[in-house]
Q: 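If you scroll down you'll find the structure; I have some questions about it.
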Amino acid sequence: MSALDFLFEVFRGRAGADAVVWRDRPHSYAWLLERVEASGELLEARHVPPGGVAALHADFSPAGIAMLLALLDRGCIAVPLTPEVENHSH
């Protein structure tokens, strides 16, 4: 059982409602849940171990949010790196 199960249950209860609006386009909770599941499958296929450490190169897009939630659902330590952070590191 994931620590995020309670959150995903709330998402299911609000499936048709907007979860995120990105660049004037709404994304529903159902869409977000589907992307979290697909992201989890990608992590599994890429052999990212539960509890592992992963750098997340993403912006604050719905897809980035979904991948962050999938990493946290696996118990991973996620290190978000946005393009802005990368530009300031040099």
Side-chain angles (χ1 to χ4, degrees):
M1 183 170 203
S2 164
L4 296 181
D5 284 344
F6 75 95
L7 183 62
F8 296 147
E9 193 58 38
V10 171
F11 287 8
R12 283 188 215 43
R14 299 186 46 86
D18 293 345
V20 178
V21 176
W22 174 255
R23 297 186 176 159
D24 297 325
R25 184 171 167 234
H27 296 79
S28 70
Y29 284 99
W31 181 92
L32 189 55
L33 278 170
E34 289 171 8
R35 296 306 317 149
V36 169
E37 183 177 325
S39 296
E41 291 170 2
L42 178 63
L43 293 171
E44 184 70 29
R46 297 224 174 142
H47 307 290
V48 175
V53 178
L56 174 60
H57 295 267
D59 50 20
F60 297 104
S61 68
I65 293 167
M67 182 57 78
L68 177 62
L69 289 171
L71 284 164
L72 296 175
D73 190 42
R74 288 181 74 78
C76 292
I77 297 168
V79 181
L81 299 173
T82 64
E84 291 81 18
V85 170
E86 292 173 5
N87 291 335
H88 292 300
S89 66
H90 296 357

Q: Applying salt bridge (Lys or Arg N to Asp or Glu O under 4.0 Å) as the test, list every pair that has at least one member in residues 49-58; sequence neighbours left out.
A: none
Q: Atom CG of D59 and atom CG of L81: how far apart are they, to the nearest 0.5 Å?
A: 12.5 Å
Q: By side chain to side chain donor-acceptor pair (under 3.5 Å), which residues pair with R74, not counting sequence neighbours?
A: E44
Q: Show the nearest heavy-atom pair for residues A58 and G64, with the distance to one decimal.
A: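 Looking at all heavy atoms of both residues, the shortest contact is CB-CA, 4.0 Å.
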Q: So do V36 and L4 actually touch side chain to side chain, heavy atoms under 4.5 Å?
A: no
Q: Less than 4.5 Å apart, side chain to side chain, heavy atoms only: is that true for L42 and M67?
A: yes
Q: Enter the distance from E9:CD to L33:CG here, rounded to the nearest 0.5 Å.
A: 9.5 Å
Q: Can you confirm whether R12 is buried at CZ, in the sense that more than 12 heavy atoms of other residues, nucleotides or ligands lie under 6.0 Å from that atom?
A: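 More than 12 heavy atoms, drawn from other residues, nucleotides or ligands, come within 6.0 Å of this atom.
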Q: Does anything in residues 2-22 form a ring-ring contact (aromatic ring centres under 6.0 Å, His included)? List the pairs, not counting sequence neighbours.
A: F11-Y29
Q: For residues V20 and P62, report the shortest heavy-atom separation together with the two atoms involved.
A: CG1-CG, 4.0 Å
Q: Check C76 against P49 and note the closest heavy-atom contact, atom names and distance.
A: SG-O, 3.5 Å
Q: Measure the CG-CD1 distance between L32 and I65 for me, rounded to the nearest 0.5 Å.
A: 7.0 Å
Q: Quick check: closest heavy atoms across A70 and S39, and the distance to 0.1 Å?
A: CB-CB, 3.6 Å
